[in-house]
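To start, the structure itself, in structure tokens.
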Amino acid sequence: MTSIIEPKLHKATDLLLKGEVVAIPTETVYGLAASIESNEGLKKIFALKERPFFDPLIVHVANFKQAATLTTDWLPLADYLARVFWPGPFTIVLPKASHVDPLITSGLDTVAIRYPAHPLAQELIHLVGPLAAPSANMFGHTSPTQPKHVQSEFPGANLLIVDGGTCEVGVESTVVSIDAEHVRILRPGAVTEEMIQAALRKWSHPVAVSRGSSQASPGSLKHHYMPKIPLVIVEPQKTASLAAELRLRIQNETGKPAQNAVELKLNDDPAIAARELYSEMRKISESGADCIYVVNRSDRQGMWSAIWDRLSRAATLDLTDAHSKSPQ
Ligand code: TXA
Ligand code: MG
């Protein structure tokens, strides 16, 4: 069995309507999609990804009406922010409507909703209806940003992958939970805290924006987005004695010394750094290297926030001064 990559949508539409799973492009990362109407299809997503049932899925829509039907409370503030940031990398968590399958929401009373910007994703949703889709990778691994990455995540699967090219954004959407007075950023992404604050300055009431980690958001688990070989974050001044230190620290951590550590270089432009992040991690993992290291940067503003969030969760070790021991 092998996966098929194709750009046309008729086969994908048929499969989705029959309760099968299809890999689809979005502007952030590739998703593993099933119709929200198919309990069988939803179960297949969890089985293929080996994803625990406690990790809820995002529902992807292609218009505002679809979004509003998924929640009991399409809040004016949610509507306002959706009109600013949709279609785009922005996911809103709101109270769930009763018809939404509890498998999607892991039994929670909230549902995560996103209107993706990729034209092929939109077209498929128009043809099939709302699609539940996590990133198209094995649970805990690095997300795919190209069709061939999806293929390498599920080498034995008979999976149709809709080819939408390389994902423009490169890291997963910003996830926020919203009530009348608060916006909590559960996962940072390309819609940055600064962009949300700027949008809220034009809103009629004061709204507090905070960074909240939700236990219901395993994308915010400490170890997530991990490449196949250890990733280590280092301080710039320590790179001189780095090889010896990495050998020892990786030996302590994994039982095997790192003999061939390769640097993951981040582009100075955070939009490009984000777009390249996961594919560079994959490239280095497949190059024969046995360790990836990335040099710390103090700038965590804007889009850097999402990049460093993913890097610190992907890291086996953080050797920066702020984290001089391994993550718990
Ligand atoms: O950009 C993206 O968001 C991609 C593309 C495919 O759309 N999807 C994605 O899905 O990253 P996934 O499943 O890998 O991550 C979804 C995140 C998880 O951290 C999940 O816990 C959180 O959203 N989430 C989903 N429903 C939630 C809910 N009701 N409350 C809190 N967090 C929720
Ligand atoms: Mg994921």
Side-chain angles (χ1 to χ4, degrees), residues 21-34 36 42 45-46 48-62 70-72 85-97 100-118 120-122 124-125 130-145 149-150 153 161-162 164 167-179 184-191 212-226 274-275 277-278 306 309-310 313-314:
V21 165
V22 171
I24 64 162
T26 81
E27 77 281 25
T28 56
V29 300
Y30 274 75
L32 204 57
I36 64 163
L42 297 169
I45 293 178
F46 285 91
L48 194 56
K49 270 188 73 109
E50 295 178 11
R51 180 177 176 115
F53 286 109
F54 64 73
D55 191 359
L57 307 177
I58 294 173
V59 178
H60 297 69
V61 297
L70 296 167
T71 170
T72 53
F85 297 119
W86 280 359
F90 188 64
T91 298
I92 305 176
V93 175
L94 287 169
K96 153 193 182 306
V100 177
D101 192 322
L103 203 51
I104 295 173
T105 58
S106 303
L108 296 172
D109 53 12
T110 53
V111 59
I113 311 168
R114 169 162 119 80
Y115 181 169
H118 198 293
L120 291 180
Q122 292 180 2
L124 265 177
I125 298 164
L131 299 175
S135 51
N137 51 273
M138 297 296 288
F139 183 69
H141 284 189
T142 310
S143 297
T145 54
H149 301 161
V150 181
E153 283 292 316
I161 304 164
V162 176
C167 301
E168 178 93 22
V169 176
V171 294
E172 306 79 0
S173 61
T174 306
V175 180
V176 299
S177 73
I178 292 182
D179 62 37
R184 283 190 191 80
I185 302 175
L186 304 180
R187 181 175 71 180
V191 170
S213 86
S214 158
Q215 288 202 319
S217 213
S220 56
L221 286 176
K222 183 68 212 168
H223 284 294
H224 214 82
Y225 313 110
M226 294 186 85
R275 190 177 308 144
L277 183 69
Y278 291 143
D309 171 76
R310 304 309 190 275
R313 293 179 206 291

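First listed ligand is number 1; within each ligand, the first listed atom is number 1. As the structure is a prediction and not an experimental result, all values here were calculated from the model.
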Could you tell me whether ligand 1 has any atom less than 4.0 Å away from a heavy atom of Val93?
yes

Does Lys96 come within less than 4.0 Å of ligand 1, judged by its heavy atoms?
no

If you compare all heavy atoms of Leu108 against all heavy atoms of Pro56, which two are closest, and at what distance to 0.1 Å?
CD1-CG, 4.0 Å

Ignoring hydrogens and geometry, is there a side-chain-to-backbone donor-acceptor pair from Ser143 to Ser135 under 3.5 Å?
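Checking the backbone N and O of Ser135 against the side chain of Ser143, no donor-acceptor pair under 3.5 Å is found.
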
Under the 3.5 angstrom rule, does the side chain of Thr105 hit a backbone N or O of Val111 as a donor-acceptor pair?
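Pair absent, no side-chain N/O of Thr105 close to backbone of Val111.
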
Ligand 1 versus Thr105: contacting region, heavy-atom distance under 4.0 Å:
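The answer is neither; Thr105 stays 4.0 Å or more away.
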
Within reach of ligand 1, part of Thr28 (heavy-atom separation under 4.0 Å):
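Thr28 to ligand 1: side-chain contact only, backbone stays beyond 4.0 Å.
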
side-chain contact (heavy atoms from CB on, under 4.5 Å) assessment of Tyr30 paired with Thr145
CA-CA 6 Å; Tyr30 274 75; Thr145 54; 5.6 Å; no

To the nearest 0.5 Å, what is the distance between OG1 (Thr26) and CD1 (Ile58)?
9.0 Å

Would you please test Val175 and Ile185 for side-chain contact (heavy atoms from CB on, under 4.5 Å) and show each step?
CA-CA 6 Å; Val175 180; Ile185 302 175; over 6 Å; no

Residue [X] vicinity, atoms of ligand 1 by number, heavy atom under 4.0 Å:
X	result
Leu186	31 (C)
Ala112	25 (C), 26 (N), 27 (C)
Asp55	18 (C), 20 (C), 21 (O)
Thr110	28 (C), 29 (N), 30 (N)
Ser135	8 (N), 9 (C), 10 (O), 12 (P), 14 (O)
Pro134	10 (O), 12 (P), 13 (O)

Does an N or O from [X], backbone or side chain, lie closer than 3.5 Å to an N or O of ligand 1?
X	result
Tyr30	no
Arg51	yes
Lys49	no
Thr91	no
Arg187	yes

Quick one: does NZ or CZ of Arg310 land under 6.0 Å from the six-membered ring centre of Tyr225, within 45 degrees of the ring axis?
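Relative to the ring axis of Tyr225, which defines the angle, Arg310 lies inside both limits.
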
Between the Mg ion (ligand 2) and Ser135, is there an N, O or S atom separated by less than 2.8 Å?
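Of the N, O and S atoms in Ser135, at least one lies under 2.8 Å from the Mg ion (ligand 2), which means yes.
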
Given Lys96, which partner from the list Val100, Val93, Leu94 fulfils the side-chain contact (heavy atoms from CB on, under 4.5 Å) test?
Val100

Lys/Arg-Asp/Glu bridge criterion (N-O < 4.0 Å) met for Glu172, Arg114
no

Side chains of Thr91 and Arg187 only: does a donor on one sit below 3.5 Å from an acceptor on the other?
no

